[in-house]
Every structure is written in C-alpha cells, then in structure tokens.
Amino acid sequence: MEDLEQFRLDTREWLTANCPDSQRQPITPEQQYWGGRKGSFPSEDAQTWFERMRDKGWTAPEWPTPYGGGGLSPQQGRVLKEEMKRIHARTPLFGLGLWMLGPAVLEYGSEEQKQQHIRAIVNGEHRWCQGYSEPGAGSDLASLQCKAEDKGDHFLVNGSKIWTTAADRCDWIFCLVRTDPDVKKQEGISFLLIDMDDPGVSTTPIELISGESEFCQTFFDNVEVPKENLVGELNKGWSVAKALLVHERKLMSEMGSESPRQVLTPNEAAREYLEFEDGKIADARLRSDLADYDMLMQAVALTHFRTFEEKAAGMRSAAPMVMKYVGTEAEKTKSELLLAILGSRGLGWEGDGFTEQEIDTLRLWAMSKAMTIAGGSSEVQLNLVAQKILELPQP
Amino acid sequence: MALVLNEEQRLLQETAKDFLGSRAPVEALRKLRDKRDAIGYDAALWQEMAEMGWASIIVPEIYGGLEFGFLGLGVVIEEAGRTLTASPLLCSGVVGASAILLGGSEEQKQSLLPSIAQGELTFALALEETHHHRPNHIGVAASQQKDGYVLNGNKSFVLDGHNADRLIVVARSHGETRDTEGLSLFLVDGNAPGVTRTRTIMADSRNAANIQLNNVTVTASSILGEVGEGWSVLEPVLDRGRVALAAEMMGCALESFERTVNYLKEREQFGVLIGTFQSLQHRAAHMQSELELSRSVLLQALSSVDESPEDLPVMASLAKSRLNELVKLVTNEAVQMHGGIGVTDDLEIGFFLKRARSAMQIFGDTGYHKDRYATLNGY
C-alpha cells in the first residue's frame, strides 16, 4: 500500500510537470488524437503530450513493457487514471487498438503478432477498426457470411462488413470471417487481421439519424491476406471475438462517465433552461425525472467502483455482465431527459438560432439510440444475463 | 469506502444465514400470524439473537456492545430480510440504540445501552401522526410544567409500539406543525399513566400501534438531547433506520428473486419449462441488473454511516428510494411469474409481497425520498 502511495505522489508530480495546460481542458471530438497513418495531431501541445505519455508507456499503462506498454499493475493503473482525472488531463491516444484488439492479441496472438502490432498500437502508428457485423448478421453475429478461403499461402477474402467505425480513416481492420461453411455456425469462424491498404479493400460512409457518418460499410473483393494474420486457431475465432466483446461492452458501459462530447449535464441544463420556484425546479415532473436520473447515475457509478473493488479482491460477481445494458440504457435516459429540459431549444439541427451546445445535445440524443444496439443490443445483453448468470433453461 | 465485505463481516453473514434459516424461517412468521401472537415476535428467539450480539452490533464496546458497525449490521438484517424474521432488531437495535447514542447524555447511555445490548429493554419510536412519513409534521404537544413536561396528542404507525418497554416520543414544545424547530425526543415508559396503546394488525403480520398520550408527565431528565433541538438527533437516527431497513429490503428482494428464478427452471407450461420464454428471461435479467445497482448503493449507504456521516442524508434517501422501487418490482414480478399459485396463501411469496409494502412506507416512500434527494442536491 505504501508503494502505491509513493506511486501516486510520483505520478502526480510527473503529470504536473509534463502535461501542458492546454491538455487539461475538456476535450472535443476534433481535439482527440486517434493515431494512424492518416491521423494528424490537433495541436502541437497534443503532440508533445502524446509523445511524453508514449515514452513512459502510458498510452497503454497496463500492457507489458517489452511491447512498449507501461507495465503497471491494475491498482497502479487506477491511480494513474485518478491522477489524470484530478488535473483533467486528456487521454493522449484514442483507439480500438488500445481498447479492444490489443488485449485480445496479448491473450491470443503469436509472439510475431505481438511484436508487429502491440508496439504499433502503443505508438499510435496503426489505427484499427472492427469488422464484426454484416448487413445480414447484426445481433445474430454468428451467422456472418464474409468468407476467407484457404489458398495455401494466403486467405482469399470476399464479402462485406457494416458498422465499421471510422473505417475510412483506419489502417487495419480486425475481422471475423467464415473459414468453414459446413459446421455449426460458431465453429467455422476465424479471427483475421487485414491491412486496409491491401488491394480489394474499399469503404463507404453510412449517414446516421444524427446526421453523422462515423460508421462505414467495408467491402472485400478478392483480398489476399497472409496466413500469419490469423489470430488464435483456425475456426476458433469465436472465442477471441467473445473475449473482445467483453472489452467493448465494458467500454460502452463506461462511456457515460467519459463521453467527450457531452459538455452539458442534465443538472447544468436544468439550471440554464428551467424555472425555479423557492429553490425547486417548478416543473414537478422534470424535477422528479432529474432526481431519478441522478440516482440512477450514482448507482451506476457505485457499481463500476464495486466491480473494480471485487476484481481487486479476487471475487467474482454478476455485476460486470449487466453493466453494458445498464450503462447504455442510462445514456439514452440522459439524452431524453436533456431534450425534455431544453424544450424547443433542444430541437436545433443546424445554423444560427441555436447554440452549438444545443445542437450537440440533439445530435447526441440521436446518437444515443445506437448505444443500446451496437456492441450487442440490450435484448442480446438480457439474453446473456438470463443464460450465463441466472442459468435459465434454453429453448 | 469499502464496497466489498471483509472476512469478519462475511463470517457474520454466514452465521446469521445458518441461524435464521433454521430458527426463524418464513414458516415461523406464518405461525406467529396464525395464532395472532400477542407480542408479534418470538421473545425467546430475540433473547438468543441478543446473546449472539445482534441487538448491539452498532453499540460501542464501552457500553457492552459488539461495535461491529453498520456493514456488519447490514449483513445480519439482510439475512433477516430473506427469512422475514420478526424481531425488535430494527426498532431497538438500530433506531433505539442510535437515538440514545446520538442524543443521549453520558448518564442515559450508561444506563440504557447495556440493557439494549442484552436484549432486555426494547424501544419504539413514536413519530408519525399522518398516514405518510412526515417526520417534521408533529402536533403532539409538550407543555412545560414544574420540573418536567406534559405530553398530549396521538401517534400512529408506531412500529413495535404496542409492547415496547420504552417509547421515544417526538413532541413539540414550540413552533408550528411542520417546523423542524421546537421538536424534542422524550423517553416515556410504555406503561406510563396516560399512555393508551392500540395494536394494529398489518398486512405483513408485524406490529404497529396507535398511541394516545393523555396528560403523560415526564421529567426533564427523560429528554434525549436538547429541548427544542430534537430534529438534529431525529434526522440522523431516521437515516440510520432507513439504511438498515434498506438492507432488510435487499434480503427480501433477493430471496423473492431467487425463489422465482428457481420456479422458472422447474415449472412447465405448453410442454416446456417457462424459463425458456424470452419474455420472462428478459424481465428476470432486468431484475438482476436492478439488484446489482441496489447492492452497490446499499453497501455505500451502510459504510457512509460509520465512515462519512456527512454523506448519510443523500445516501440514505438514495438507498431507501432505490430499494423501495426494487422490492416493489421484484415482489410484483415474483407473484406474477408464479402464476396462480403465487396468489395463494400457501406459497410464501405473498409474505414477501406484503412485507415489501410495509417496508416501502416505513421511514419514507419513494416520493418522499426523491423529493428529499432533489432538495439536498439543490434542485
């Protein structure tokens, strides 16, 4: 424990000395650095901050040092997070490589794959996107069709992936592909890494109800992928994917607290947009809804904290399995509440007449609808809880 | 803040589970109900519970207590919530003990706490005067007279009130009804002249009493805390009661939930186990997530009593409010998912449903606590 306190002091000192003032402000999407060959730094300070953190291995603080990670224990990692939060230090590097692929490669990848990809992720050289869903395989992911045929020294990949976030700005994609069409559907799937510069790979953006096009559809037309890009065993990709989905769900359940865009909280919005009488919000229904939301968020935050403590104590609990469902549903509740509080000020789509904050609130409301669909819909999450935790009989 | 139990607390939980499971299962409450037991709980059982130290979990060692703190209390009460065990634990061991601890003089502590710890003396808080929890709505008058006071007025919904040895009467010495100023807590002998107690039988087979106070004289030394400053004692005492009750509600919800999930695994309809139906699976999984959220809130609320009492008002309202909604959801679904058998008196699920409704009213319903939470947060 004493060591941890020392680590905290050292970390605090280092962060104070090394984090530029401009990197201690709330971050907007434009100010995030996602790395990759097509990426660029939003500012000089962002670059300095990124390089200093990278050199300490703190873009991936808990990954092993031989691959460029920080080698911190989970407890130290938490201290670092807390200390960064304390001075509002920005996350120096964003990306699915850090959040999802890296942990999977560290667990399932070959030594060569670790050498090739882990350091490139830590250093921000490669930006990754995820190729899971297909137009015909969303929640029923296992029915995917995108196929990789064994051609001796390489796989020949044909098919398409949908909801590939920012695929047009990524260097690599990790994909689930069908390598055996003749077995039970989960058993013929493999996990493949594909360089998006390879001939035959193309992407088109998809416009969403929020007006944004973060997502793309990605097409593979006779793409030749080297055999060594297979992670884990052939036809055993499902287990790699499942491990990775756990990371994705954890990430999504935590988004509420770390969402970069949400400049306005319902509490702040209430003060700005609602009438008060005798110190109380005059609209009793909105006051009650705001209390409900606040209580829910306090419960969610405490549960995140509890799951961490339980993990540290080596205890198993059901809490982590419900958090994707709980966290994303809470995000939707928040967006609906914000819209209700803003009233007609919350209907601005673009142009003058509305503040940037108001327009953002509406766009995020539309975006929030995706949270309970992406990464396994709420219904799929409930199925999982029913099966894995409650062990209810299956049809 | 600790959101996981330590080794000692887990051991206490095991002990409580074993003891209550064998000595005071739901069947014991059914028996008390069926014979219309005059006390409403098993006095011998309460004595055994006291011998194990449960009556004094939160009482400091110097007053003969176990000094195990609120997390320790929470695990025992939660187990009692699973078995719906009727006992003076909440009213005496938590509310009574807290009132004396927080408001009592050194002399009062020394004379009363050891008796509570040994389970010899029971307490009831005579607070409510309306049919909703309104702790500042006090009309019972305390008029000064010579070296003491005279109490006049009526109290309702006094838990354990019909047979508690001592009543803690919340009365008003000055100010208007609804003022928090001017309240005092008086220790009154349950059988003092002028005290008329009428037992009510409630849905959950527990005891509450209507109490008339007719020119009841008390000495100045029977006041807990300062005259007219009772609110500063009453509020934290109520918050402790709310948090402890939330633990009981957690046990009540968990037990109903587990019994229901087991039923889904064995009951067949339309030729299949009903647990295979997605509509039931989703509702069960939703309850699981609500249980998880409530679990975290409860642990934090319990530990805030001992570790950060400044957070207690917010945490108590959060815990009571969320647990109110949890037991309502889970007990309603439990009855519904059990189908026809769920509404029979034979099945114990109905006992949980009824206890949940009582617990939801005690020390404040959801509306009360949501309002308080919003006010405490400045909106």
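Each chain gets a letter, A, B and so on, in the order its sequence line appears, and its residues count up from 1. Quantities reported herein were computed from a predicted structural model and do not represent experimental measurements.
- The CD atom of Gln381(A) lies 14.5 Å from the NE2 atom of His286(B); values are rounded to the nearest 0.5 Å.
- The closest side-chain heavy-atom distance from Gln394(A) to Thr276(B) is not below 4.5 Å.
- Residue Lys311(A) qualifies as open at atom NZ: its count of foreign heavy atoms under 6.0 Å is 12 or below.
- The two residues Asn377(B) and Arg271(A) have their closest heavy-atom pair at O-NH2, 3.8 Å.
- Of all heavy-atom pairs spanning Ala284(B) and Leu392(A), the tightest one is CB-CD1, 4.3 Å.
- Options Ile281(A), Leu382(A), Val322(A) differ in how many heavy-atom pairs under 4.5 Å they form with chain B, and the most are formed by Leu382(A).
- Using a 4.5 Å cut-off between heavy atoms, Met315(A) touches chain B through its side chain atoms alone.
- Both the backbone and the side chain of Ala318(A) have a heavy atom closer than 4.5 Å to some heavy atom of chain B.
- By the 4.5 Å heavy-atom criterion applied to side chains, Glu379(A) and Gln278(B) are not counted as neighbours.
- Using a 4.5 Å cut-off between heavy atoms, Leu384(A) does not touch chain B at all.
- Within the 4.5 Å cutoff, the side chain of Met323(A) has no heavy atoms near those of the Glu292(B) side chain.
- Crowding of Glu176(B) atom CD: a count of heavy atoms from other residues, nucleotides or ligands under 6.0 Å not exceeding 12.
- For a residue to count as touching a neighbouring chain, one of its non-hydrogen atoms must lie under 4.5 Å from one of that chain's; by this rule Asn262(B) does not touch chain A.
- Tyr325(A) and Gln288(B) share no donor-acceptor pair across their side chains, judged by distance under 3.5 Å alone.
- Closest of all the heavy-atom pairs between Lys265(B) and Pro393(A) is CG-CD, 4.0 Å.
- Counted within 6.0 Å of CD on Glu275(A), heavy atoms from surrounding residues, nucleotides or ligands total 12 or fewer; the atom is thus considered open.
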>> Before you tell me yes or no, could you show the steps for Asp292(A) and Lys370(B) under side-chain contact (heavy atoms from CB on, under 4.5 Å), namely the whole-Å CA-CA distance, both residues' side-chain angles and the distance that decides it to 0.1 Å?
In response: CA-CA 7 Å; Asp292(A) 275 340; Lys370(B) 213 195 279 188; 3.1 Å; yes
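- For Glu391(A), the parts sitting under 4.5 Å from any heavy atom of chain B are the backbone and the side chain alike.
- In this structure, no portion of Glu290(B) lies under 4.5 Å from any heavy atom of chain A.
- Two residues are said to be in side-chain contact when any heavy atoms from C-beta on lie closer than 4.5 Å; Lys280(A) and Asp371(B) meet this criterion.
- Residues from residues 322-341 of chain B that place a non-hydrogen atom less than 4.5 Å from a non-hydrogen atom of chain A comprise Arg322(B), given in numerical order.
- If you measure heavy-atom distances from Thr366(B) to chain A, you find no contacts under 4.5 Å at all.
- Contacts of Gln387(A) with chain B are absent, with no heavy-atom separation under 4.5 Å from either backbone or side chain.
- Looking at Leu274(A), neither its backbone nor its side chain comes within 4.5 Å of chain B, counting heavy atoms on both sides.
- Of the two parts of Val272(B), neither the backbone nor the side chain holds a non-hydrogen atom closer than 4.5 Å to a non-hydrogen atom of chain A.
- For Trp231(B), the CH2 atom sits in a packed shell: over 12 heavy atoms of surrounding residues, nucleotides or ligands are nearer than 6.0 Å.
- Contact annotation for Leu299(B): only side-chain heavy atoms (C-beta onward) come within less than 4.5 Å of a heavy atom of chain A.
- Contacts of Tyr379(B) with chain A are made by both backbone and side-chain atoms, with heavy-atom separations under 4.5 Å.
- Looking at Asn267(A), only its side chain comes within 4.5 Å of chain B, counting heavy atoms on both sides.
- Contact annotation for Met315(B): only side-chain heavy atoms (C-beta onward) come within less than 4.5 Å of a heavy atom of chain A.
- Interatomic distance, Ser296(B) OG to Glu310(A) CD, rounded to the nearest 0.5 Å: 7.5 Å.
- Residues passing the salt bridge (charged side-chain N to carboxylate O under 4.0 Å, His left out) test with Lys369(A), sequence neighbours excluded: Glu336(A).
- If you tally non-hydrogen atom pairs under 4.5 Å between each of Leu296(A), Asn383(A), Ile389(A), Thr307(A) and chain B, the highest count goes to Asn383(A).
- The minimum heavy-atom distance linking Ala386(A) with Ala285(B) is given by the pair N-CB, 4.1 Å.
- Contact check for Arg306(A) versus Leu293(B): no side-chain heavy atoms found under the 4.5 Å cut-off.
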